[in-house]
Structures are given as structure tokens and as C-alpha cells.
Amino acid sequence: MVVASHTQECLNQPPSEKATTLQLPVIDLSCADRSATSRLIVEACEKYGFFKVVNHGVPFDAITRLEEESLRFFSRTGPEKQRVGAPNPFGYGFKNIGFNGDLGEVEYLMMDGSGGSSSPDDETLECIPPDHRPDNLRSAARAYVEVVRGVACEILDLITLTEELLGAPSLGGMIRAEGNDSVLRINFYPANGGGSADVRPAASRAGGGDDVGLGFGEHTDPQVLTVLTSNDVGGLQVWVRQEAGDGDGDGDGGGSGRGWWTAVPPDPTALWVNVGDLLQAITNGRFESVRHRVVLTTSSKPRMSVAFFGAPPLDTLISSPNQLHHQPVYRPFTWSEYKTATYSRKLGDSRLHLFRRCE
Ligand SMILES: O=C(O)CCC(=O)C(=O)O
Ligand SMILES: [Fe+2]
């Protein structure tokens with residue numbers, strides 16, 4: 001999938017095309033019929049690469065505690081926040097998303113999401129004076145990772161119940177494995193896109209739109225699966241391919257292929273799941289990793305989101321089971337190789353095509 005990078009030019013500029021609204025799939029994880037749930041998840045992954053999860057079992061308290069502690073952290077002064085170190089890989093970043101010049105109106109914290117007993121960011125924190133250490137935030141993040149990782153594994157286990165994947169190596173096992181490379185990212189987008197509502201360009205105001213800038217540029221997540229939660233401030237948009245949706249937009253807004261940017265209505269009680277690039281490769285392209293972005297609005301409240309990115313240990317070989325292909329689309333590769341390819345490119349750049357087999 002070719003993904004256009006719109007990020008650079010768009011800092012503080014709302015994207016020109018408007019998002020449509022569309023009913024996105026909702027999965028009830030408490031449903032006792034696991035095969036029916038499995039079918040619904042597979043259908044959602046094939047059609048949208050994205051779905052909402054309700055009755056997921058993550059206690060609302062765990063989410064609100066993490067949000068409150070995160071808000072406390074992001075309310076500190078810039079120099080205080082920077083004391084936790086740059087996000088390399090764990091730490092605090094702002095405006096620069098990643099290492100290759102991508103910019104967004106976002107502050108973020110990268111934390112270990114592996115659920116392992118000793119976490120690499122413990123060492124990073126050793127050098128920070130105790131009164132600057134976000135200890136409460138870290139314990140809230142650990143508690144949250146514990147449960148959200150379980151949800152990610154359950155969803156992956158449900159996917160492997162489908163006939164074609166029966167007998168394939170367990171997808172959930174990849175994220176449960178000792179040494180899994182999962183991470184937690186807490187995003188904080190300023191109210192009013194970081195300025196007053198009047199920062200909107202005239203064209204946007206004339207159109208009656210309330211978008212004020214780009215929080216997080218268009219991209220796909222490189223890992224297996226992302227589980228996202230946010231507060232009640234919207235901004236997330238997903239790209240729905242024309243074959244999947246019945247959107248009423250003009251259908252050629254961004255990236256490759258025809259489709260629509262679709263606004264995801266915020267729901268702090270729900271989780272949202274994105275198919276990542278690795279899952280696209282494992283399913284031989286049957287699932288498509290979803291392109292998404294965050295467009296800031298005139299909300300007087302900051303948007304906060306917490307993304308759990310489920311990833312296997314670095315040396316895990318990514319390949320699709322025989323049942324899923326006559327012709328494998330991608331050559332086998334390790335997560336480590338893929339990660340290197342991802343982090344040496346820009347946020348919106350296409351990466352999976354580098355791993356396609358030569359025809
Ligand atoms: O803030 C959001 O809703 C999305 C963030 C995101 O896409 C990411 O952290 O990869
Ligand atoms: Fe993302």
C-alpha cells in the first residue's frame with residue numbers, strides 16, 4: 001500500500017478535505033459465542049482494518065487513572081518533562097514524531113508495553129531526581145498495560161479461530177512472549193490545536209469547518225495490532241476504502257486509491273483496534289493495515305489518547321501460514337528488519353512494499 005506523506009506541509013494547517021462520518025464496526029468482546037465474534041472481527045479487519053470494541057473488560061478506573069496521571073505529567077513545564085529523556089526508545093517527545101523530521105501538534109510519552117518484570121525505562125529513570133520522576137504515571141501505565149495487553153491477545157486469539165488460520169502459529173502468543181517488543185504511547189494534543197480558534201485559515205472558516213491543524217500525520221502502525229483509547233475529545237480519522245464504505249465525500253481525499261477520511265467519534269468507554277502492518281503481512285494482505293491521522297479541532301479541552309502497540313520479540317519471523325496463500329505476497333522478514341525499515345523512513349512512507357516478493 002502506498003501511503004502519501006502529508007505531514008511536513010501540514011503542521012498547523014488543517015487538511016483540505018473534510019472527513020465523512022460512517023458507521024464503523026463495533027465488536028462486543030463479552031459475547032459468549034467466540035466463533036461468531038471471530039467472524040465479525042475478521043470481517044472488520046478485511047473491510048476496514050479498524051473497529052471499535054465494547055465490553056472489553058478493561059476497568060474504566062484503569063483508563064481514567066492513567067489519563068489523570070498523564071494529564072498531571074503533561075501539565076508540567078517543558079524542562080521538567082524533558083528530564084525523563086528523549087523517546088529513544090522510551091521518553092518524552094513533542095512536535096517531532098519519530099526521527100525523520102515528521103512534525104505534529106502533539107506531545108507524547110513512549111513507555112515500555114511488554115509487561116516484562118524489569119523494564120528498560122527503569123534504568124532511564126534512575127538518573128532523574130525522585131521529585132521529577134513520573135512514578136505514579138508509570139505505575140498507572142503498568143497496570144493499564146497488564147489489562148490492555150490481555151485484550152490485544154484475546155483479539156488475536158479470536159482471529160486465529162478462523163478456519164484459514166487454524167493451525168497457524170498463535171498470533172496472541174507473539175504479544176504474550178517473553179521479550180515481546182510492545183510499547184505504550186500516550187499522546188497529548190493541545191486544546192484549540194495549540195492556539196486560539198482563530199488560528200484557522202480563512203478558507204477553513206469560510207467552509208464552516210472547525211479543524212485547526214494536524215495533530216498526527218497520516219500513517220499506518222507498523223506493529224501487529226494497536227489498541228487505542230482516548231478521552232472525549234475527537235480528532236482521530238481513518239481512511240475507508242471506497243469498496244468498504246458508502247461515504248458521501250468526493251472519494252479522493254488522500255493517499256492512494258479512492259476512499260474517504262472518516263471521523264471516529266470519541267468514546268472514552270470503548271477501545272479502538274487498528275490492524276498494523278505486520279498483521280497485513282501475516283494475513284498475506286487479506287487484512288489491510290489502516291491509514292489514520294489526527295486532525296485537531298476547536299475543542300477547548302486537550303485530546304488525550306493512549307495507544308498500546310502489540311509487537312513480537314525482535315527476532316520473530318513474520319510470514320503468512322500456507323493456508324492463506326497460493327502466492328505469498330511478502331517474503332519472510334523479522335520484526336527487527338521491519339522496525340529498522342520503519343524508523344529510517346518518514347511517518348507516512350510506504351514500507352511493506354519493500355518486503356514484497358519479486359514477481
Ligand atoms: O491519538 C490518536 O488517536 C492516534 C495516535 C496514533 O495514531 C499513534 O499514536 O500511532
Ligand atoms: Fe497510529
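For ligands, and for the atoms within them, numbers begin at 1 and follow the listed sequence. As a basis for the values below, the full set of heavy atoms in this structure was taken, side chains included, without hydrogen atoms, waters or symmetry mates.
- For ligand 1, the atoms closer than 4.0 angstrom to any heavy atom of Asp221 are 10 (O).
- A centroid separation of less than 6.0 Å is found between the aromatic rings of Trp261 and Trp239.
- Ligand 1 places these atoms under 4.0 Å from at least one heavy atom of Phe216: 8 (C), 9 (O), 10 (O).
- Counting heavy-atom neighbours within 6.0 Å of Phe333 CZ, excluding the residue itself, gives a total above 12.
- Using a 30° and 60° split on the angle between ring planes, Tyr92 and Phe74 fall in the tilted class, from 30° to 60°.
- When atom types are taken as modelled, the side chain of Asp102 and the backbone of Leu347 share a donor-acceptor pair closer than 3.5 angstrom.
- Counting the atoms of ligand 1 from 1 in the order shown, those under 4.0 Å from a heavy atom of Ser305 are 1 (O), 2 (C), 3 (O).
- Taking a cut-off of under 4.0 Å to the non-hydrogen atoms of His292, the atoms of ligand 1 that pass are 7 (O).
- Residue contacts with ligand 1 leave out Trp272, since none of its heavy atoms falls under 4.0 Å from the ligand.
- In this structure, NE2 of His292 and NE2 of His219 enclose an angle of 90° at the Fe ion (ligand 2), rounded to 10°.
- A salt bridge does not link Lys339 to Asp277: none of the charged nitrogens lies less than 4.0 Å from a carboxylate oxygen.
- Within the listing of ligand 1, atoms 1 (O), 2 (C), 4 (C), 5 (C) sit less than 4.0 angstrom from a heavy atom of Tyr189.
- Ligand-side atoms of ligand 1 in range of Phe309: 8 (C), 9 (O), 10 (O), range being under 4.0 angstrom from any heavy atom.
- Atom OD1 is the N, O or S atom of Asp221 at the shortest distance from the Fe ion (ligand 2).
- Closest to atom 3 (O) of ligand 1 by heavy atom, among Met304, Arg303, Gln223, Gln237, is Arg303.
- Less than 4.0 angstrom separates some heavy atom of Arg185 from each of these atoms of ligand 1: 9 (O).
- Among the candidates Thr297, Asn187, Asp232, Leu236, the single residue satisfying the side-chain contact (heavy atoms from CB on, under 4.5 Å) test with Arg303 is Leu236.
- With hydrogens and angles disregarded, a donor-acceptor distance shorter than 3.5 Å links the side chain of Asn231 to the backbone of Met304.
- Taking the ring centre of Phe216 as origin, the terminal cationic atom of Arg293 falls outside the region bounded by 6.0 Å and 45° from the ring axis.
- Residues Phe355 and Tyr338 place their aromatic rings such that the two centres sit under 6.0 Å apart.
- Residue Glu146 qualifies as open at atom CD: its count of foreign heavy atoms under 6.0 Å is 12 or below.
- At least one heavy atom of His219 sits under 4.0 Å from some atom of ligand 1.
- At the shortest separation from atom 9 (O) of ligand 1 among protein heavy atoms lies Asn187 ND2, 3.0 Å.
- For atom 4 (C) of ligand 1, the closest non-hydrogen atom on the protein side is Val294 CG2, 3.6 Å.
- For Tyr108, the heavy-atom gap to ligand 1 stays at 4.0 angstrom or more.
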